[in-house]
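Encoded as structure tokens, the structure appears first; notes follow it.
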Amino acid sequence: MITKPKGTYDLIGLDSKLYQYIYNTVNEYMINYHYEFIRTPVFEATELFHRTVGDNTDIVTKETYDFVDRGNRNITLRPEGTAGVVRSVIENKLYGNRNDALKYYYIETMYRYERPQAGRYRELTQFGVEVFNSNSIMIDAEVISLGYNILKDLGIDNFTVQINSLGDKESRENYTMALKEYLKPHIEELCSDCQERFKKNPLRILDCKVDKDNSILKNVPKLNSYLNKESLDRYNKLKTLLTHLDIDYEENSSLVRGLDYYDDIVWEYVTDNDNLALGGGGRYNHLVKNLGGPEMPAIGFGMGIDRVINELKKILEGKGEIPHNIDVYIMGISEEEKIAGLKIAQDLRLNNVITEINNSDLSFKSQFKVADMLQAKFLLILNNNDLAKGLINVKDNATKEEIKVDENEIVDYIIGNL
RNA sequence: GCGGAGUUGGUGAAGUGGUUAACACGGUAGAUUGUGGCUCUAUUAUGCGUGGGUUCGACUCCCACACUUCGCCCCA
């Protein structure tokens with residue numbers, strides 16, 4: 001038997017239902033918030049991701065899906081959404097005749113060559129937004145609240161928005177130096193991974209799972225105190241705006257995100273139960289220029305749909321709710337009954353009634369079982385005698401009451417009683 | 001890249017180096033001559049992740065690999 005590749009999954013059953021639900025909700029929100037849908041290629045030149053992410057992390061050396069195509073091009077399957085959108089904005093000069101914010105959203109699969117574990121797959125799906133050409137803190141507030149409002153609307157309420165400011169490049173460099181200065185005498189007391197991080201990415205030490213209760217890390221200099229006036233003002237303004245928009249947030253001074261292209265505001269949507277990030281984002285005011293575009297501020301976030309699906313499943317299990325399936329199941333045995341049923345099914349379907357019909361040679365007993373499995377609300381039990389009189393037997397599958405309805409009124413009857 | 005635990009039917013699973021792989025749910029058919037969900041009866045894995053090896057004999061022991069799952073690194 002041929003099995004699916006490691007770390008992938010088939011979107012089936014309840015998962016696929018929830019995916020559609022999320023997909024539809026996201027699209028609705030994006031339209032109302034006036035974000036334009038953008039789709040970029042699944043694969044891009046490897047160099048794009050290397051330049052976006054930087055060359056010094058494990059991400060580039062062991063966590064991307066790289067291959068050489070038949071034309072000897074170095075290609076990488078996109079591991080995240082930002083790089084492709086930024087590339088497209090630059091390449092298509094989408095900023096050319098605009099002086100307002102450019103707002104894009106995507107819903108796409110991503111590929112990461114990782115060892116699978118809880119909430120981590122090799123093929124994952126994210127939705128996200130990227131906004132260009134505005135450095136207004138109002139945009140930061142809009143983007144953060146957009147992700148927040150979507151999650152809330154989906155029915156997820158056990159999460160928290162964690163925010164932090166990394167400051168601008170200068171502030172961050174000053175802070176990094178101060179942090180290293182502070183940690184240097186204690187470096188031997190930290191875990192071996194932190195000793196490695198000290199050299200490669202000192203800010204990540206703040207995120208360490210092993211040393212998180214270590215008094216050395218608890219007394220570490222605060223990032224916020226190294227912010228310059230402008231960054232601090234922005235951060236304070238953001239907090240005011242989020243409160244203004246009724247967004248519950250939490251400040252997390254050790255939230256740094258992994259990549260060094262972020263400036264100023266960063267945030268994550270974190271579940272309360274298991275502290276898993278459903279999504280996160282930040283400002284990246286220098287990335288566009290670094291990738292060959294003009295000086296242009298930008299901000300964005302990505303949300304892991306796979307993780308959101310898992311959260312929704314937990315919530316549904318807790319409530320014991322089974323998602324709605326179909327409205328009407330049409331039953332019949334003889335050829336005439338089935339053919340009559342097919343027309344009725346079409347009439348119902350054209351009127352937005354979710355309808356299924358028996359097409360096989362199943363006994364009534366079996367058809368009832370199918371109807372129950374599909375959680376049909378109404379059963380249309382066709383028989384030749386009544387059909388000849390223009391009547392249809394309608395059974396309410398909740399009350400078990402059965403009545404005969406004129407075939408010309410069946411659609412209205414169903415719609416009126418759903 | 002590193003480590004732990006797993007892999008038996010549509011599902012949940014038990015199992016032993018030795019002819020036919022428990023049990024339950026589900027499915028199908030019938031008792032019920034075209035209106036079910038209860039009950040009863042029959043039936044439902046030529047197969048125990050894949051490939052090798054040991055053995056008279058392997059689902060059971062050994063090795064490798066694949067996949068699942070939970071962590072580490074990393075986290076876009």
Side-chain angles (χ1 to χ4, degrees), chain A residues 1-9 13 44 48-54 56-65 76-86 108 110-122 124 126 128 130 191-197 200-201 203-204 207-210 255-262 266 268 274 276-277 279-282 284 287 300-304 307 329 331-334 336-338 358 360-373 375-376 379-387 393-398 400-402:
Chain A
M1 184 170 62
I2 298 171
T3 56
K4 62 188 178 303
K6 183 174 187 159
T8 62
Y9 62 94
E44 297 266 8
L48 174 65
F49 301 113
H50 283 208
R51 281 178 57 184
T52 301
V53 153
N56 51 350
T57 64
D58 281 5
I59 288 175
V60 167
T61 55
K62 67 175 200 194
E63 289 171 12
T64 51
Y65 258 99
T76 295
L77 301 184
R78 62 166 172 245
E80 51 97 28
T82 301
V85 175
V86 172
E108 290 177 322
M110 314 289 169
Y111 301 84
R112 300 177 182 178
Y113 196 85
E114 295 190 284
R115 196 68 176 262
Q117 57 188 80
R120 302 176 79 165
Y121 304 97
R122 289 190 168 189
L124 54 137
Q126 291 189 333
E130 313 291 345
C191 73
S192 58
D193 288 327
C194 280
Q195 296 182 21
E196 201 54 35
R197 291 184 185 112
K200 289 192 336 201
N201 196 353
L203 290 186
R204 287 303 287 188
D207 252 353
C208 182
K209 291 169 197 153
V210 179
L255 175 65
V256 295
R257 311 279 293 158
L259 300 188
D260 55 9
Y261 63 62
Y262 288 114
V266 293
E268 286 183 354
D274 37 20
L276 187 72
Y284 50 93
L287 182 61
F301 74 81
M303 195 81 80
R307 292 182 177 186
Y329 187 74
M331 298 166 46
I333 300 279
S334 72
E336 298 76 46
E337 289 159 0
K338 286 196 245 178
N358 167 53
S360 342
D361 296 324
L362 296 176
S363 67
F364 261 131
K365 181 171 177 172
S366 298
Q367 294 188 40
F368 274 113
K369 287 191 175 182
V370 171
D372 286 343
M373 189 195 70
Q375 297 158 333
L379 313 181
L380 305 192
I381 306 165
L382 306 183
N383 72 69
N384 289 326
N385 291 341
D386 287 324
L387 283 175
N393 292 306
V394 181
K395 187 166 187 171
D396 183 321
N397 207 24
K400 308 304 178 197
E401 283 168 18
E402 190 171 332

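Proteins get letters first, then strands, A, B, ... in listed order; numbering begins at 1 in each.
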Check your understanding: Between A/Gly7 and A/Leu379, which is nearer to the 5' end of RNA chain B once each is assigned its nearest nucleotide?
Key -> A/Leu379
Practice item. Looking at every strand, decide which applies to A/Gln367 at a 4.0 Å heavy-atom threshold: base, sugar-phosphate, or nothing. Key: nothing
Point to revise | Phosphate contact (B/C72 OP1 or OP2) by A/Lys209 side-chain N/O below 4.0 Å | key: yes
Review point. B/U8 and B/G51: how far apart are their P atoms, nearest whole angstrom?
Key: 16 Å
Exercise for review: Quote, to the nearest angstrom, the P distance that separates B/G30 from B/G37.
Suggested key: 14 Å
Exercise for review: Identify whether the distance between the nearest side-chain nitrogen and carboxylate oxygen of A/Arg204 and A/Asp193 falls below 4.0 Å.
Suggested key: no
**Study point:** Rounded distance in Å between the P positions of B/U11 and B/G26
**Key:** 15 Å
Review point. With a non-hydrogen cut-off below 4.0 angstrom, is A/Lys6 in contact with a base, only sugar-phosphate, or nothing?
Key: sugar-phosphate
Revision key, fill the gap. Whole-Å distance, A/Asp58 CG to B/C74 C1', equals 5 Å
Exercise for review: Could you state the atom-to-atom distance from CE of A/Met110 to P of B/C74 in whole Å?
Suggested key: 23 Å
Exercise for review: Nearest whole angstrom, please: distance from the P of B/C75 to the CG of A/Asn201.
Suggested key: 6 Å
Point to revise | Whether A/Asp396 side chain and A/Glu401 backbone form a donor-acceptor pair below 3.5 Å | key: no
Review point. B/U35, B/C73, B/C74: which one has an atom nearest the side-chain heavy atoms of A/Asp193?
Key: B/C73
Exercise for review: Would you mind reading off the distance between A/Leu124 atom CG and B/C75 atom C1', rounded to a whole angstrom?
Suggested key: 11 Å
Review point. Hey, does A/Glu114 reach any base, or is it just sugar-phosphate, or nothing, if we go heavy atoms under 4.0 Å?
Key: base
Check your understanding: Can you find a heavy atom in the side chain of A/Leu387 that is under 4.5 Å from one in the side chain of A/Glu336?
Key -> no
Exercise for review: Quote, to the nearest angstrom, the P distance that separates B/U19 from B/C59.
Suggested key: 11 Å
Review point. If only atom types and distance count, is the side chain of A/Thr52 paired as donor or acceptor with the main-chain N or O of A/Leu48 below 3.5 Å?
Key: yes
Practice item. Pick the C1' atom in B/U39 and in B/U32, then give their distance to the nearest Å. Key: 12 Å
Check your understanding: Which whole-number value in Å describes the distance from A/Phe49 CZ to B/A76 P?
Key -> 15 Å
Check your understanding: What's the closest nucleotide to the A/Lys365 side chain, out of B/C73, B/A66, B/U39?
Key -> B/U39
Review point. Are any non-hydrogen side-chain atoms of A/Thr82 and A/Glu130 less than 4.5 angstrom apart?
Key: yes
**Study point:** Non-hydrogen side-chain atoms of A/Asn384 and A/Ser334 separated by less than 4.5 Å
**Key:** yes
Practice item. Pick base, sugar-phosphate or nothing for A/Lys62, based on heavy-atom distances below 4.0 Å to the nucleic acid. Key: base
Review point. At under 4.0 Å between heavy atoms, what does A/Arg78 touch on the DNA or RNA strands: base, sugar-phosphate, or nothing?
Key: nothing
Exercise for review: For A/Glu63 and A/Tyr113, indicate whether the former's side chain and the latter's backbone hold a donor-acceptor pair under 3.5 Å.
Suggested key: no
Review point. Is a donor on one side and an acceptor on the other found under 3.5 Å between the side chain of A/Asn358 and the backbone of A/Gly332?
Key: yes
Exercise for review: Answer with base, sugar-phosphate or nothing: what part of the nucleic acid does A/Leu259 contact at a heavy-atom distance below 4.0 Å?
Suggested key: sugar-phosphate
Exercise for review: Between B/A21 and B/U44, how far apart are the P atoms? Round to whole Å, please.
Suggested key: 11 Å
Practice item. Could you check whether A/Arg257 gets within reach of a base, just the sugar-phosphate, or nothing at all, counting any heavy atom under 4.0 Å? Key: sugar-phosphate
Point to revise | Whole angstrom value for the distance that separates C1' of B/C38 from CZ of A/Phe368 | key: 16 Å
Point to revise | Between B/C73 (C1') and A/Glu196 (CD): distance, integer Å | key: 10 Å
Point to revise | Integer angstrom distance from the C1' of B/A5 to that of B/C75 | key: 24 Å
Check your understanding: When all nucleic acid strands are considered with a 4.0 Å heavy-atom cut-off, which category describes A/Leu380: base, sugar-phosphate, or nothing?
Key -> nothing
Review point. Under a 4.5 Å cut-off applied to non-hydrogen side-chain atoms, are A/Val86 and A/Leu287 in contact?
Key: yes
Practice item. Give a yes/no answer on whether the side chain of A/Arg115 brings an N or O atom under 4.0 Å of OP1 or OP2 in B/U69. Key: no
Review point. Can you find an N or O donor on one side and an acceptor on the other, under 3.5 Å apart, linking the side chain of A/Glu337 with the base of B/G34?
Key: yes
Exercise for review: Answer with base, sugar-phosphate or nothing: what part of the nucleic acid does A/Asn397 contact at a heavy-atom distance below 4.0 Å?
Suggested key: base
Practice item. Classify the nucleic acid contact of A/Ser334 as base, sugar-phosphate or nothing, counting any heavy atom under 4.0 Å across all strands shown. Key: nothing
Practice item. Given side chain to side chain contact (heavy atoms under 4.5 Å, CB included), test A/Asn393 with A/Asn383 step by step and report yes or no. Key: CA-CA 8 Å; A/Asn393 292 306; A/Asn383 72 69; 2.8 Å; yes
Exercise for review: Ignoring backbone atoms, establish whether A/Ser366 has a side-chain N or O less than 4.0 Å from OP1 or OP2 of B/U28.
Suggested key: yes
Check your understanding: Closer than 4.0 Å, any side-chain N/O of A/Lys369 to the OP1 or OP2 of B/G27?
Key -> yes
**Study point:** Any A/Arg112 side-chain heavy atom under 4.5 Å of A/Arg120 side chain
**Key:** no
Review point. Can you find an N or O donor on one side and an acceptor on the other, under 3.5 Å apart, linking the side chain of A/Lys4 with the base of B/C67?
Key: no
Review point. Whole Å only: how far is the CG atom of A/Leu387 from the C1' atom of B/G34?
Key: 13 Å
Check your understanding: Glycosidic conformation of B/G47, syn or anti, with 90° from 0 as the boundary?
Key -> syn
Revision key, fill the gap. On RNA chain B, more 5' by nearest nucleotide between A/Asp396 and A/Gly258 is A/Asp396
Check your understanding: Can you find a donor-acceptor pair, distance only, under 3.5 Å between A/Gln117 side chain and B/U69 base?
Key -> no
Study note, to complete from the structure: Under the rule of Watson-Crick or G-U wobble with both distances under 3.5 Å, where | means paired to another strand and [ ] a crossing pair, RNA chain B maps to ((((((((.[[[..)..(....]]]((((((.......))))))....[[[[[..)....]]]]])))))))....
Check your understanding: In whole Å, what separates the P atom of B/A13 from that of B/U69?
Key -> 15 Å
Practice item. Can you figure out which of B/C73, B/U39, B/U35 approaches the side chain of A/Arg120 most closely? Key: B/C73
Exercise for review: Check every strand shown and say whether A/Asn385 touches a base, only sugar-phosphate, or nothing at a heavy-atom separation below 4.0 Å.
Suggested key: nothing
